[in-house]
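Just below is one structure, and these are the notes that go with it.
Note on naming: letters A, B, ... go to the chains in the order of the sequence lines (proteins, then strands), and numbering restarts at 1 for each one. What's counted below: heavy atoms across the whole structure, side chains too, no hydrogens, waters or symmetry copies.
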There are 2 protein chains.
Amino acid sequence: MTRLLPLADEPAPERADAARNREAILTAALRLVETRGVGCVTMDTVAAEAGVGKGTLFRRFESREGLMAAVLNESETAWQARVISGPPPLGPGAPPLERLLAFGHSRMRVNVTHGDLIRAATGHDPVRSRAAAGFALMHVRHLLGQLEVTGDLRFLAFALLAPLEAMALEQQRVDGISLEQIERAWDDLVARVVG
Amino acid sequence: MTRLLPLADEPAPERADAARNREAILTAALRLVETRGVGCVTMDTVAAEAGVGKGTLFRRFESREGLMAAVLNESETAWQARVISGPPPLGPGAPPLERLLAFGHSRMRVNVTHGDLIRAATGHDPVRSRAAAGFALMHVRHLLGQLEVTGDLRFLAFALLAPLEAMALEQQRVDGISLEQIERAWDDLVARVVG
DNA sequence: CCTCGAAACGGACCGTGGTCCGTTTCTATT
DNA sequence: AATAGAAACGGACCACGGTCCGTTTCGAGG
């Protein structure tokens, strides 16, 4: 006996087969997504491709949405790393305003290129979405703080991010607004907000 | 023979039975939505309740999303009327800034109370969503114009509306921000934008 | 009133997301 | 190595959105 009571935040040790399967599923899902496109990837297909039962998919990733979020996370993490410790102006080292603008542009680009995947991963359940957007929210809020903006920074950060979200971009695109236009207009919005 | 060529924008005359059925479906859907809640209303249920076949539902309203949009539209229209010709400050007569603030608050309230229905009606398809948001977008843009704001009014209007959308509100709510906070912070945002 | 083509109807059918539960596999303990 | 029980597995099963197509109903000429 090694321990009497489980520590509260025990990292939930994962069984070997479980880990193996998770890896297989994620790999299969990624492959299928980038070959067939998000829309044509069914849970049955992924299960078959990964060589596991469908139940296993749903045990590890709650739902289709959750699986897509996991797939998305792979690239998202790399992007976050670039923001946190990459070269300026996206990474640290540049003045806050430049960083903020660079961040917005970068985020926009990410949201455009991964649009389909993001929409598939971002269901109508707001709780799940929160996690994904949390990082961006925190970062913008941080930069606004550095810029000595006054007011409800949490809301202002949210408001700046909202029109750059994948669905928002798509909506503006069908309204006939180009990405360049959005980029310029967003810079203008930032200028007004930081005062 | 009354006409040789159909006029280009002929309003597509509707057959009597079709009209009757549409009415029945809409009524049934509304009843079910407000008794059971949006989440528990299936297309089969609506069809049964309305006394029509499922195929009929999908002929008239494209999809579940479309049906919900139609249901939503009933109340949305009334709201639009209040904006266009109701008493100030929401309706005309008040100074533009007051109208803008009143509009934001009202829109927020609508988005909160009809949140479920809106989420059900607003699928991942951005094209459908555009129509619904179009009115609000146009109105805010109009008010910004009256306030002599310079810049890309279309984008600014969009940016002001985005954080008030149903899903955005829900997201902020789970982040622990109260509606009063949002309201105040939004007023502040407006002040910065109209400069 | 009859005719006839167009439009609408309706319900069997399908694909897909999600669940359930009997079976298998792992691993800590002795 | 044997044991036990917790965890994971997997595929049959279900519900719901959406389609298809043979049948019925409408209503404009005649």
Side-chain angles (χ1 to χ4, degrees), chain A residues 1-6 10-26 28-29 32-33 36-71 119-125 128, chain B residues 1-4 6 10-25 28-29 32-33 36-71 119-125 128:
Chain A
M1 177 248 284
T2 55
R3 193 177 295 130
L4 224 33
L5 293 175
E10 197 75 1
E14 188 178 35
R15 247 170 62 171
D17 52 349
R20 214 179 319 124
N21 277 336
R22 202 193 43 237
E23 199 57 35
I25 292 169
L26 229 39
L32 288 172
V33 163
R36 304 192 190 181
V38 184
C40 298
V41 176
T42 76
M43 295 303 262
D44 295 81
T45 314
V46 175
E49 179 83 9
V52 303
K54 214 206 302 203
T56 304
L57 257 69
F58 283 92
R59 169 124 12 78
R60 303 230 96 45
F61 315 88
E62 194 87 347
S63 61
R64 178 191 154 92
E65 207 177 300
L67 176 57
M68 293 311 176
V71 170
R119 273 192 295 278
T122 303
H124 286 182
D125 177 8
R128 198 184 305 289
Chain B
M1 178 245 286
T2 55
R3 194 177 295 127
L4 223 32
E10 197 75 2
E14 189 179 33
R15 246 170 61 171
D17 52 348
R20 214 179 319 123
N21 277 336
R22 201 192 45 238
E23 200 56 35
I25 292 169
L32 288 172
V33 163
R36 303 193 190 180
V38 185
C40 298
V41 177
T42 75
M43 294 304 262
D44 294 81
T45 314
V46 175
E49 179 82 10
V52 303
K54 216 209 293 207
T56 304
L57 256 69
F58 283 91
R59 168 123 14 77
R60 305 230 95 43
F61 314 90
E62 194 88 344
S63 62
R64 178 191 153 93
E65 209 177 298
L67 175 57
M68 293 310 175
V71 170
R119 273 193 293 281
T122 304
H124 285 182
D125 176 10
R128 198 185 306 288

Tell me whether the OP1 or OP2 atom of C:dA8 has a side-chain N or O from B:R20 closer than 4.0 Å. no

To the nearest Å, give me how far apart CG (A:L57) and C1' (C:dT19) are. 14 Å

Which is it for B:I25 and B:R22 under the side chain to side chain contact (heavy atoms under 4.5 Å, CB included) test, yes or no, and what are the steps along the way? CA-CA 5 Å; B:I25 292 169; B:R22 201 192 45 238; 5.7 Å; no

Please report, rounded to the nearest Å, how far the P atom of C:dA8 is from the CZ atom of B:F61. 13 Å

Nucleotide C:dT16, atom P - distance to CZ of A:R36 in whole Å: 10 Å

Between A:L67 and A:M43, the two heavy atoms sitting closest are CD2-SD, 4.0 Å

Classify B:R22 by what it touches in the nucleic acid, base, sugar-phosphate, or nothing, heavy-atom distance under 4.0 Å. nothing

Let me know the distance between NZ of A:K54 and C1' of D:dA15, rounded to the nearest Å. 12 Å

Checking contacts here: which listed nucleotide (C:dT16, D:dA8, D:dG17) is nearest the side-chain heavy atoms of A:D17? D:dA8

Select one nucleotide: of C:dA8, D:dG18, C:dG17, the one nearest the side-chain heavy atoms of A:F58. C:dG17

What is the distance from atom OG1 of B:T42 to atom NZ of B:K54, rounded to the nearest 0.5 Å? 7.5 Å

Per the atom types in the model, does the base of D:dA8 pair as donor or acceptor with the side chain of A:R15 at under 3.5 Å? no

Between D:dG10 and A:T56, is there an OP1 or OP2 to side-chain N/O distance shorter than 4.0 Å? yes

Rounded off to whole Å, could you give me the CZ-to-P distance for the B:R64 and D:dT19 pair? 15 Å

Nearest-neighbour nucleotide for the A:V52 side chain, D:dG18, D:dG17, D:dG10 considered: D:dG10

Any side-chain heavy-atom pair from B:M68 and B:V33 closer than 4.5 angstrom? yes

Rounded to whole Å, how long is the line connecting atom CD of B:E14 with atom P of D:dC26? 14 Å

Starting at CG of A:N21 and ending at C1' of D:dA8, how long is that distance when rounded to a whole Å? 8 Å

Select from B:D44 and A:G53 the residue whose nearest nucleotide in DNA chain D is closer to the 5' end of that strand. A:G53

Per nearest nucleotide of DNA chain D, the residue lying toward the 5' end, B:R59 or A:G55, is A:G55

Minimum heavy-atom distance between A:F61 and A:G66, given as atom pair plus value: CB-C, 4.1 Å

Round to a whole Å and report the spacing from CD of A:E62 to C1' of C:dT19. 12 Å

